[in-house]
Asker: 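Take a look at the following structure, please.
Computed over heavy atoms, backbone and side chain alike; hydrogens, waters and symmetry mates excluded. Positions are given from 1, in the same order as the sequence printed here. The structure displayed is predicted, hence computed values, not measured ones.
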Amino acid sequence: MPGPLDGLVVLDLSRILAGPTCTQLLGDLGAEVIKIESLEGDDTRGWGPPFALDAEGKPTDLSAYFMSSNRNKKSVAVDLTDPEVQKVLHALAGRADVVIENFKPGGLRKYGLDHETLCAAYPGLVYCSISGFGQTGPNREKPGYDLMAQGFAGIMSITGEAGREPMKVGVGVGDIVCGLYAATGILAALRYRDATGEGQHIDIALVDATMAWLVNQGLNYLTTGISPTRAGNAHPNIVPYQVFATSDGYVIVAVGNDSQYARFCDYLGRPDWASDPRFATNTARLANRKTLVPMIAEALTTHTMQDVIGGLEARKVPVGPVNTIEQALESDQAQARGMTVTLPAPQTATREVRLIGNPLKFSRTPVSYRLAPPSVGADTDAVLGPLKDRL
């Protein structure tokens with residue numbers, strides 16, 4: 001069944017994670033994504049181990065990192081400095097609906113593949129530029145990586161335990177969120193293009209996208225003028241809403257309102273904590289966090305993890321485990337939701353690769369998994385050959 005973006009052509013000049021996250025999503029939704037790589041390939045092909053292994057047990061150019069964001073794409077490997085290649089890619093942009101790139105601002109101008117050149121040549125083109133700091137501003141020339149974006153945007157200042165060093169989030173969430181914003185912007189621009197015939201340039205910065213998901217923590221500062229600080233797993237606005245140790249593991253307790261808190265206290269056998277004016281409301285619990293949280297922590301250490309989960313679920317209090325990645329991806333919930341998929345990959349020893357699935361579930365136009373992450377240049381001749389013949 002065709003996907004919702006069936007027939008859309010995306011020329012992907014991006015690499016690493018933010019751009020590829022965006023274009024993988026567009027590919028999952030049915031778009032034809034043509035990934036342009038250097039002759040050496042996307043940097044992340046070498047970001048391993050682990051790698052998918054070939055029949056002789058040797059690493060392929062499919063690192064786990066690369067495979068995480070490059071399915072449903074065709075790989076075209078070229079030398080961008082070659083004038084003939086530039087002509088061919090210019091022509092390829094002419095049959096594309098979308099061009100996406102993450103070079104430094106102005107970096108593609110010398111190849112004639114910048115947004116000014118291509119948008120002038122093809123007025124209906126949607127051209128998306130991803131960079132570290134954006135096309136404007138005093139930092140526009142600086143490179144951008146996810147770790148740097150998390151640091152600059154303030155995320156690391158609120159991640160980690162109080163009194164300890166700032167911490168990054170465990171995956172490149174700045175890149176990922178930037179890629180998702182880029183996909184949303186592209187789809188909005190395509191809707192406008194379809195209505196008016198006019199394409200446009202989208203400028204999105206890794207740092208801007210990372211700042212955007214400061215959400216309530218950012219608003220806490222803008223409302224009070226006081227920068228939030230690191231508080232470990234505790235929530236800045238809700239108590240109790242954090243990780244607690246049990247006798248045999250860790251659980252997450254996420255009490256979102258006062259009635260849930262009362263039921264939580266019932267489970268602990270301490271209904272008096274619900275009526276105590278120091279703790280009866282969330283506002284009071286926030287003010288008295290340093291008193292209440294140690295009391296809860298001590299009480300929960302006498303219970304097993306499964307007892308806490310079962311007891312609170314029975315009382316409809318939000319609770320859950322702290323899973324390992326294995327436990328998460330192999331869970332019956334993940335399998336029921338199709339959150340892992342297997343695709344044919346003949347170049348590997350197992351002749352297949354296992355990937356994380358797309359979370360979108362459409363009732364009429366489901367996502368599709370058509371192509372495993374490609375080896376570098378696997379589709380160069382098939383994609384560029386017809387264009388070369390016409391030039």
Asker: Minimum heavy-atom separation for Leu39 and Val376, please, with both atom names.
Answerer: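 Here Leu39 and Val376 meet closest at O-CG2, 4.2 Å.
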
Asker: Would Glu161 and Arg230 count as a salt bridge (Lys or Arg N to Asp or Glu O under 4.0 Å) if you check the C-alpha gap in whole Å, the side-chain angles of each, and the deciding distance to 0.1 Å?
Answerer: CA-CA 6 Å; Glu161 296 179 346; Arg230 294 184 293 286; over 6 Å; no

Asker: To the closest 0.5 Å, what do you measure between CD (Glu313) and CZ (Arg315)?
Answerer: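 The CZ atom of Arg315 is 12.0 Å from CD of Glu313, to the nearest 0.5 Å.
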
Asker: Report the C-alpha distance between Gln200 and Tyr192 in whole Å, list the side-chain angles of each, state the deciding distance to 0.1 Å, and finish with yes or no for side-chain contact (heavy atoms from CB on, under 4.5 Å).
Answerer: CA-CA 9 Å; Gln200 60 184 298; Tyr192 180 80; 3.8 Å; yes

Asker: Say you draw a straight line from CG of Asp276 to CZ of Arg278; how long is it, rounded to the nearest 0.5 Å?
Answerer: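 Between Asp276 CG and Arg278 CZ, I get 4.0 Å after rounding to 0.5 Å.
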
Asker: Could you give me the CA-CA distance, side-chain angles and deciding distance for Tyr111 and His90, then say whether side-chain hydrogen bond (donor to acceptor under 3.5 Å, both in side chains) is met?
Answerer: CA-CA 9 Å; Tyr111 306 129; His90 195 295; over 6 Å; no

Asker: A side-chain contact here means heavy atoms from C-beta on lying under 4.5 Å apart; do Glu165 and Met156 qualify?
Answerer: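 SC-SC contact between Glu165 and Met156 ruled out.
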
Asker: Heavy-atom count check: over 12 atoms from other residues, nucleotides or ligands less than 6.0 Å from Ile356 CD1?
Answerer: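 At most 12 heavy atoms, drawn from other residues, nucleotides or ligands, come within 6.0 Å of this atom.
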
Asker: Are side-chain N/O atoms of Asn70 and Asp42 paired as donor and acceptor at under 3.5 Å?
Answerer: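 Side-chain D/A pair, Asn70 to Asp42: absent.
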
Asker: Cut-off 3.5 Å, side chains only: do Glu37 and Ser75 have a donor facing an acceptor?
Answerer: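 A donor-acceptor contact under 3.5 Å links the two side chains.
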
Asker: Does a donor on one side chain and an acceptor on the other come within less than 3.5 Å for Ser129 and Glu101?
Answerer: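 The answer is yes; a qualifying pair exists.
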
Asker: With a distance cut-off below 6.0 Å to the six-membered ring centre and an angular limit of 45° from the axis, does Arg15 pair with Phe103 as a cation-pi contact?
Answerer: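 So Arg15 does make the cation-pi contact.
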
Asker: Which value, rounded to the nearest 0.5 Å, describes the distance between Thr210 atom OG1 and Ile155 atom CD1?
Answerer: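 So the OG1 of Thr210 and the CD1 of Ile155 are separated by 7.0 Å.
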
Asker: After noting the C-alpha distance and the side-chain angles of Glu330 and Arg354, does the key distance pass the salt bridge (Lys or Arg N to Asp or Glu O under 4.0 Å) rule?
Answerer: CA-CA 12 Å; Glu330 304 298 349; Arg354 198 172 178 214; 2.7 Å; yes

Asker: Do Val33 and Ile100 sit in the same hydrophobic cluster, where Ile, Leu, Val, Met, Phe, Trp and Tyr count as joined when their side-chain heavy atoms come under 4.5 Å apart?
Answerer: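 Same cluster.
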
Asker: Do Thr23 and Lys73 get their side chains close enough for a donor-acceptor pair, meaning under 3.5 Å?
Answerer: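 A pair is found: one side chain offers a donor N or O, the other an acceptor, under 3.5 Å apart.
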
Asker: What's the shortest heavy-atom distance between Ile204 and Ala182, and which atoms?
Answerer: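 Taking every non-hydrogen atom into account, CD1-N, 3.7 Å.
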
Asker: Please say yes or no: joined through hydrophobic side-chain contacts below 4.5 Å, possibly via intermediate residues, are Leu108 and Val10 part of one cluster?
Answerer: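 No, it is not one cluster - the side chains of Leu108 and Val10 are not joined through contacts under 4.5 Å.
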
Asker: Which heavy-atom pair separates Leu118 from Val99 by the least distance, and what is that distance?
Answerer: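 In this case the closest contact between Leu118 and Val99 is CD1-CG2, 4.5 Å.
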
Asker: Do Met211 and Phe152 make a side-chain contact, defined as non-hydrogen atoms from C-beta onward lying under 4.5 Å apart?
Answerer: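 Side-chain contact under 4.5 Å: yes.
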
Asker: Can you confirm whether Asp379 sits close enough to Pro374 that some side-chain heavy atom of one is under 4.5 Å from a side-chain heavy atom of the other?
Answerer: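 Yes, at least one pair of side-chain atoms sits under 4.5 Å.
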
Asker: Would Ser275 and Asp272 count as having a side-chain donor-acceptor pair, cut-off 3.5 Å?
Answerer: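 Their side chains do not contain a donor-acceptor pair, so the 3.5 Å distance test is not met.
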
Asker: Evaluate Asp146 against Gln150 for side-chain hydrogen bond (donor to acceptor under 3.5 Å, both in side chains), listing each step before the verdict.
Answerer: CA-CA 6 Å; Asp146 179 85; Gln150 289 195 40; 2.7 Å; yes

Asker: With rounding to the nearest 0.5 angstrom, report the CD to CG distance, Glu298 to Leu300.
Answerer: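 The CG atom of Leu300 is 10.5 Å from CD of Glu298, to the nearest 0.5 Å.
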
Asker: Return yes when atom CD of Gln327 has more than 12 non-hydrogen atoms of other residues, nucleotides or ligands closer than 6.0 Å, and no otherwise.
Answerer: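 Atom CD in Gln327 is crowded, with more than 12 foreign heavy atoms closer than 6.0 Å.
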
Asker: Taking atom NZ of Lys361 as the centre, does the number of heavy atoms from other residues, nucleotides or ligands within less than 6.0 Å exceed 12?
Answerer: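 Correct, the count exceeds 12.
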
Asker: What's the shortest heavy-atom distance between Leu329 and Ala334, and which atoms?
Answerer: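 Shortest heavy-atom contact: O-CB, 3.6 Å.
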
Asker: Begin with the C-alpha distance, continue with both residues' side-chain angles, and end with the deciding distance and a verdict on side-chain contact (heavy atoms from CB on, under 4.5 Å) for Arg45 and Glu40.
Answerer: CA-CA 9 Å; Arg45 288 186 182 275; Glu40 296 76 27; over 6 Å; no

Asker: Hey, what's the ring geometry for Tyr65 with Trp47, parallel, tilted or perpendicular (30° and 60° as the breaks)?
Answerer: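 Perpendicular: the ring planes of Tyr65 and Trp47 meet at over 60°.
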
Asker: Please lay out, stage by stage, how Val253 and Leu312 fare under the test side-chain contact (heavy atoms from CB on, under 4.5 Å).
Answerer: CA-CA 9 Å; Val253 176; Leu312 293 184; 4.1 Å; yes

Asker: Does Arg71 pair with Asp28 as a salt bridge, N-O distance under 4.0 Å?
Answerer: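 Yes, this pair counts.
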
Asker: Give a yes or no on whether Leu180 and Leu17 share a hydrophobic cluster (residues Ile, Leu, Val, Met, Phe, Trp, Tyr; joining criterion: side-chain heavy atoms under 4.5 Å apart).
Answerer: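 Linked, Leu180 and Leu17 end up in one cluster.
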
Asker: For the pair Arg193 and Glu198, find out whether any cationic side-chain nitrogen is under 4.0 Å from an anionic carboxylate oxygen.
Answerer: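 Salt bridge flag = no for Glu198 with Arg193.
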
Asker: Is it true that the side chains of Ser14 and Asn102 contain a donor and an acceptor less than 3.5 Å apart?
Answerer: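 No, no side-chain donor-acceptor contact under 3.5 Å.
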
Asker: Check whether NZ of the Lys or CZ of the Arg Arg285 lies under 6.0 Å from the centre of the six-membered ring of Tyr261 and within 45 degrees of that ring's axis.
Answerer: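 The answer is yes, since Arg285 meets both limits relative to Tyr261.
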
Asker: Between Tyr250 and Met305, is there a shared hydrophobic cluster once you connect ILVMFWY residues whose side-chain heavy atoms come closer than 4.5 Å?
Answerer: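 Tyr250 does not cluster with Met305.
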
Asker: Are side-chain heavy atoms of Asp61 and Phe51 found at a separation under 4.5 Å?
Answerer: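 Not in contact.
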
Asker: Does some side-chain heavy atom of Ile130 sit less than 4.5 Å from a side-chain heavy atom of Cys178?
Answerer: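 The answer is yes; the side chains approach within 4.5 Å.
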
Asker: Are Ile296 and Arg270 close enough, and set up right, to give a side-chain contact (heavy atoms from CB on, under 4.5 Å), and what steps lead you there?
Answerer: CA-CA 10 Å; Ile296 293 172; Arg270 295 304 305 260; over 6 Å; no

Asker: Taking the side chain as everything from C-beta on, heavy atoms only, tell me whether Ser63 gets closer than 4.5 Å to Met67.
Answerer: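 With C-beta onward as the side chain, the pair stays apart.
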
Asker: Where do Thr340 and Gln335 land on the side-chain hydrogen bond (donor to acceptor under 3.5 Å, both in side chains) test, with the steps shown first?
Answerer: CA-CA 7 Å; Thr340 64; Gln335 296 306 301; 3.2 Å; yes

